[in-house]
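Since the model is a prediction, treat every value here as computed from it, not as a measurement. Residue numbers start from 1 in every chain, and the chains themselves are labelled A, B, ... in the order their sequence lines are given, proteins ahead of strands.
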2 protein chains.
Amino acid sequence: MVRSPKPKSGLAGPLTATRRSPGSAETSQTGSRRRLSPGDREKSIAAAAVAFFAERGFEGQTRELATILGITQPLLYRYFPSKEALIERVYQDVFVGRWDPFWEETIKDRSVPLETRLITFYISYANVILTPEWVRLFMFAGLKNLDFNARYLNFLRNRVFESVVDELRAHFDRPSIANVPASNIEIEIVWSIHSSIFYLGVREFIYRLPPDGDVKDIIRAKIQTLLGGIATVLPPAEHAT
Amino acid sequence: MVRSPKPKSGLAGPLTATRRSPGSAETSQTGSRRRLSPGDREKSIAAAAVAFFAERGFEGQTRELATILGITQPLLYRYFPSKEALIERVYQDVFVGRWDPFWEETIKDRSVPLETRLITFYISYANVILTPEWVRLFMFAGLKNLDFNARYLNFLRNRVFESVVDELRAHFDRPSIANVPASNIEIEIVWSIHSSIFYLGVREFIYRLPPDGDVKDIIRAKIQTLLGGIATVLPPAEHAT
DNA sequence: CGCGATCTTTATCGTGCGATAAATAGCGTT
DNA sequence: AACGCTATTTATCGCACGATAAAGATCGCG
């Protein structure tokens with residue numbers, strides 16, 4: 001796994017080391033050897049840190065991260081004052097930086113059938129969160145007993161769950177949550193679908209026992225089951241689809 | 001709180017206080033002071049280790065565990081050859097030791113309505129797994145990239161999921177899995193309910209954002225939604241309930 | 001070229017942690 | 001009550017890891 005960054009071969013050594021193609025720094029660290037611009041270096045460290053801490057957890061050692069990057073460990077401290085600061089940056093990049101505001105609109109667009117909207121949203125959301133980085137980092141963060149996860153999930157509840165409940169209400173001709181607030185059970189029903197989708201990622205990236213079959217199909221089936229089941233548990237007033 | 005087995009009332013034991021001034025009993029563990037029988041000591045270490053590693057993760061330090069136990073750190077090594085062996089014991093006690101074989105019978109008992117069986121099973125199962133120890137240790141184990149979780153879940157699939165699918169089949173007058181094996185989608189439907197219940201524990205003990213309301217009610221609602229939804233997605237041949 | 005700025009490395013400190021060995025002390029036995 | 005077995009503690013080793021300081025190397029600019 002480790003690198004052999006030393007171009008010990010007398011031939012190739014000097015050239016590759018001295019002259020690197022600018023800006024073409026990439027993941028396989030042979031290219032970026034020395035003296036990147038601060039901006040590029042910081043980005044490359046942050047990107048590597050995301051993958052690294054997702055795999056190893058936040059106890060992963062800065063020396064190993066540096067080795068993966070093909071740099072020395074003290075260099076990390078020129079760009080981030082501490083390991084904790086680097087972890088903070090990882091949170092930002094993954095959880096804040098990957099939120100798509102369009103999701104909130106998708107759910108509320110009543111020109112589209114509800115089932116379609118939910119499927120569209122959840123497939124798109126799944127594309128973002130069902131990655132090893134998102135799933136594992138989120139779990140590592142939770143296990144650290146910070147309030148980060150609770151904050152994210154409150155945000156999610158306000159931006160997504162409440163809307164989904166409201167759309168379900170409209171779909172079944174029931175009052176808006178503006179008039180009758182979402183009940184615990186209604187929120188839990190949304191949690192059911194949400195958690196069962198996130199759990200696909202837990203199974204694949206934490207348990208290493210990936211679900212059999214196409215995630216899109218599974219999501220579709222889950223949402224159809226949900227909508228059918230809600231119809232049974234909460235029979236509609238008059239409307240039905 | 002772990003435990004406080006010995007109340008240190010004013011006139012506590014002349015025995016326990018032999019060498020130690022009662023007032024100087026520091027952290028928490030003051031009851032058992034010294035020279036337990038090997039069996040008792042081992043059990044007390046194992047029990048404390050479950051709570052400790054569940055809280056701190058497997059990177060939790062043996063010195064802190066010893067402090068909680070009111071013993072010194074090297075004593076741990078008289079009862080467990082290494083930290084890793086102690087962790088192995090924790091796995092055994094929590095994941096193997098808490099499995100209830102009766103669960104498998106509950107699911108298959110066709111003298112009881114399916115909805116009742118599922119609710120009974122999942123409430124009982126939830127009683128065991130929806131604890132900080134089970135949930136957090138399971139997640140810590142998964143994040144360590146061992147095959148432990150995959151083995152447990154394969155066991156669960158064979159002992160529970162397949163049976164649930166079979167019972168759903170019977171409920172809706174469809175062929176037994178003995179004749180037509182469970183499909184991916186069917187297994188996924190069971191995963192949906194299962195993961196949404198386990199996720200109640202993740203929310204409470206990892207995210208520290210406990211679900212609102214009684215877990216039993218939530219489980220009941222989830223199972224009713226599941227059964228109703230399956231009826232919609234996979235309409236029955238002739239039978240209906 | 002050569003020089004200076006700064007990006008990167010080499011060297012190192014202090015601490016924390018798993019583990020071991022030797023010394024100490026509780027408790028049953030006689 | 002003394003004895004001896006062994007449960008428990010005291011003392012310590014070795015290394016890993018985050019972090020810092022100083023030396024060295026690279027590149028733009030004149």
Side-chain angles (χ1 to χ4, degrees), chain A residues 2-3 5-7 13-23 25 29-45 48-49 52-53 56-89, chain B residues 13-21 24-27 29-45 48-49 52-53 56-89:
Chain A
V2 202
R3 287 299 129 193
K6 298 295 191 197
L15 261 219
T16 45
T18 9
R19 260 313 211 213
R20 54 151 180 40
S21 42
Q29 44 288 109
T30 40
S32 67
R33 189 59 201 114
R34 285 183 48 149
R35 218 166 170 87
L36 260 62
S37 81
D40 287 350
R41 182 62 82 194
E42 181 182 315
K43 282 194 204 96
S44 101
I45 291 176
F52 176 72
F53 288 126
R56 287 279 199 273
F58 299 122
E59 322 270 348
Q61 310 159 9
T62 56
R63 278 174 177 80
E64 189 182 350
L65 171 58
T67 301
I68 290 170
L69 277 159
I71 63 177
T72 56
Q73 180 249 6
L75 187 57
L76 298 173
Y77 288 83
R78 182 163 183 99
Y79 296 92
F80 296 91
S82 69
K83 183 181 176 181
E84 201 48 42
L86 180 54
I87 290 171
E88 215 51 55
R89 166 66 174 269
Chain B
L15 282 184
T16 55
T18 329
R19 269 300 280 156
R20 297 178 67 84
S21 54
S24 79
E26 64 304 324
T27 35
Q29 283 297 90
T30 67
S32 54
R33 189 55 203 126
R34 284 183 46 149
R35 221 164 166 88
L36 259 63
S37 82
D40 287 351
R41 182 62 81 193
E42 182 182 315
K43 281 194 204 97
S44 101
I45 292 176
F52 176 71
F53 288 125
R56 288 279 200 276
F58 299 122
E59 322 271 346
Q61 309 157 8
T62 56
R63 278 175 177 78
E64 189 181 351
L65 171 59
T67 302
I68 290 170
L69 277 158
I71 62 177
T72 56
Q73 180 250 5
L75 187 56
L76 299 174
Y77 287 84
R78 181 162 184 101
Y79 295 92
F80 296 92
S82 69
K83 182 180 178 182
E84 200 47 44
L86 180 53
I87 290 171
E88 215 51 55
R89 167 66 175 269

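To the nearest angstrom, P of dA19(C) lies 13 Å from CG of Leu65(B). One can place CD1 of Ile45(B) at 11 Å from C1' of dT8(D), the figure rounded to the nearest angstrom. Rounding to whole angstrom units, CZ of residue Arg56(A) and P of dG18(D) are separated by 13 Å. Computed from coordinates, the Arg41(B) CZ to dA25(C) C1' distance equals 14 Å when rounded to whole Å. Atom CG in Leu36(B) sits about 11 Å away from atom P in dT9(D), given to the nearest Å. Distance, Leu75(A) CG to dT6(C) C1': 11 Å, rounded to whole Å. Between the CD atom of Glu42(B) and the C1' atom of dT8(D) there is a distance of 16 Å, rounded to whole Å. Between the CD1 atom of Ile71(B) and the C1' atom of dG26(C) there is a distance of 16 Å, given to the nearest Å.
Closest to the side chain of Pro38(B), from the set dT10(C), dA7(D), dT9(D), is dA7(D).
Contact of the Leu65(B) side chain with the Leu86(B) side chain is registered, since non-hydrogen atoms from C-beta on lie closer than 4.5 Å. Residues Phe52(A) and Leu69(A) form no side-chain contact, since every pair of their non-hydrogen atoms from C-beta on lies 4.5 Å or further apart. Between Ile71(B) and Ile45(B), the closest side-chain pair of non-hydrogen atoms falls below 4.5 Å. Residues Phe58(A) and Glu59(B) form no side-chain contact, since every pair of their non-hydrogen atoms from C-beta on lies 4.5 Å or further apart. Taking 4.5 Å as the limit, some side-chain heavy atom of Arg89(A) sits within range of a side-chain heavy atom of Glu42(A).
Taking for each of Arg78(A) and Glu59(B) the nucleotide of DNA chain C with the nearest heavy atom, the 5'-most of the two is the partner of Arg78(A).
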Note to self: Generate the contact string for nucleotides 19-24 of chain D. Rules: B means base contact, S means sugar-phosphate contact only, - means no protein heavy atom under 4.0 Å.
What the structure shows: BBB---

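In terms of heavy-atom proximity, Gly60(A) sits nearest to Lys83(A) at O-NZ, 2.9 Å. The two residues Arg41(A) and Arg35(A) come nearest to each other via the heavy atoms NH2-N, 4.1 Å.
Contacts of Phe80(B) with the nucleic acid, taken as non-hydrogen atoms under 4.0 Å apart, are absent.
Between dC7(C) and Tyr79(A), no contact under 4.0 Å exists linking OP1 or OP2 to a side-chain N or O.
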